[in-house]
Amino acid sequence: MLSKNEVIERLRSIVGEENVLVGDDINEEYTRDEALTVKPCLPEVVVKPGSTEEVAKILSLANEKRIPVTPRGGGTGLSGGCVAVSGGILLSLERMNRILEIDEENYVAIVEAGVVLADLYKAVEARGFYYPIYPGEESATIGGNVATNAGGMRAVKYGVTRHYVLGLEAILPTGEIMQTGGKYVKVSTGYDLAQLLVGSEGTLAVVTKVTLKLLRRPKAKTTLFAPFRNLSDGIRAVPAIFKSGVIPVTIEFLEKLGLNAMEDYTGKKVPISERVRDEAEAFLLIVIEGKSSEEAFGDAEFISDICMKHGAIDVFVPPTERAGRELLKLREKAFYAAKDGGATDLVDVVVPRGEIPNFVEQIHKMSAKYATIIAGAGHAGDGNIHLAIFEQDADKLSTILEEIYRVGKNLGGAISAEHGIGSEKRRFLLEMENKAKIELMRRIKKAFDPNNVLNPGKIF
Ligand SMILES: Cc1cc2nc3c(=O)[nH]c(=O)nc-3n(C[C@H](O)[C@H](O)[C@H](O)COP(=O)(O)OP(=O)(O)OC[C@H]3O[C@@H](n4cnc5c(N)ncnc54)[C@H](O)[C@@H]3O)c2cc1C
């Protein structure tokens, strides 16, 4: 049995002294992520490997000595996934941040797991490519995106992270290095383990390299902002938009409360008249891409007409792409605006698209029943609703959460669309999910991680 100091010495010998932090040297940011309800936890040691082989050695040591290991990317997660709830080693991938290859012939990028989204976007766009997954917070890492199957505002047209993962290098909890998938589009060669690891929240393996599919960069973009007298009208416009054959990149909805909070937080106002502002209760924010500005503007006009036919009070089209981006930036601040305004939790339930008005109506009733503010904004194009809950009483908050998840499940939805289960939604998953599925997930976990050293306390 090694003492704690001996373990730390072994870790130093693997990654170098400067890449092992203990005690007061552990910065506060390593104790938390962005989840509002998860308490910070101090790991015993933070380790920052610089290579695949170092990660493998760390996991091998941890497995042998039964030390819990929590993988961490950018710490922007919203479910407590990278918080070291069991102490032990916090394995930060921050040094593994190299873009290894952009293969222009095969439309592929190979990156280390610690590459942050902002750097990936810059690198691929400089070569005329496009990585369309856009989960809002650009300091998130690709490894974190893979582990949570991150989605975001462009999922309507482009899908989510898993649709761009062609291959992975991952280290099993026993320290073995596994390669799966590659630069090819089709594969039918045994179980698809890359896709099994996508969304596994660091409980099955540590991802060290990712092979990502790239697209060509679209030439033009237009944004629309459509105010409606009520949310139902706005949501009813969404299927009509899809039927028209134009698939927008983004269709977001906002309720008035949410828009006001974002405007207050950013100090910026959406340029709509006071009359429209007074009348409107809900808004759609729609982004359209095209091969040329003419095509994008043409499609935007077409979609404006659909919105007007479905009860939009007006449709505002920003005159330039830059002005459109400003509107999107406002929407991107939804989380920080809610946090700043005192939100105590944020949920990301998903329901079938057509059930959004029904879901939101039930949430409004719940809000009145509990006398608790619940503000909605979300991805109208894919059924993912983000609700900011402002409730200080922990027991009441827990009751409200349970009711929200049950309403979502009863409408054919799921507890989390993109943020994951982490430690935060564990109880709800175990209570509400199909028992056979949970049992099989437990057996898969055991097959990968027989000693339960990797991210214990998450999902299960
Ligand atoms: C303002 C804001 C907006 C956001 N908007 C969106 C959004 O629109 N859509 C969306 O999907 N998410 C969104 N998020 C959530 C967050 O950005 C994503 O969950 C992101 O994928 C987390 O990446 P990360 O690198 O920060 O991971 P972390 O928070 O560090 O970790 C997340 C999970 O991944 C695991 N993990 C991290 N790296 C690895 C690895 N290399 N191998 C194995 N497991 C690993 C961790 O153990 C943990 O379970 C938002 C967050 C914020 C703060």
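Whatever order the structure lists them in is the order used to number ligands and atoms, beginning at 1. Just so you know, these numbers use all the heavy atoms, side chains as well, and skip hydrogens, waters and symmetry mates.
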Is [X] salt-bridged to [Y], going by a charged N under 4.0 Å from an acidic O?
{"X": "R32", "Y": "E28", "answer": "yes"}
{"X": "E433", "Y": "K409", "answer": "yes"}
{"X": "K435", "Y": "E439", "answer": "no"}
{"X": "E252", "Y": "R331", "answer": "yes"}
{"X": "R72", "Y": "E94", "answer": "no"}
{"X": "E263", "Y": "K269", "answer": "yes"}

> Heavy atoms under 4.0 Å from ligand 1: which residues qualify?
Replying inline: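 Answer by chain and number: E34, P71, R72, G73, G74, G75, T76, G77, L78, G81, C82, L93, A113, P135, E137, A140, T141, G143, G144, N145, A147, T148, A150, G151, G152, E201, G202, A205, V206, V207, F335, Y336, E418, H419, N455.
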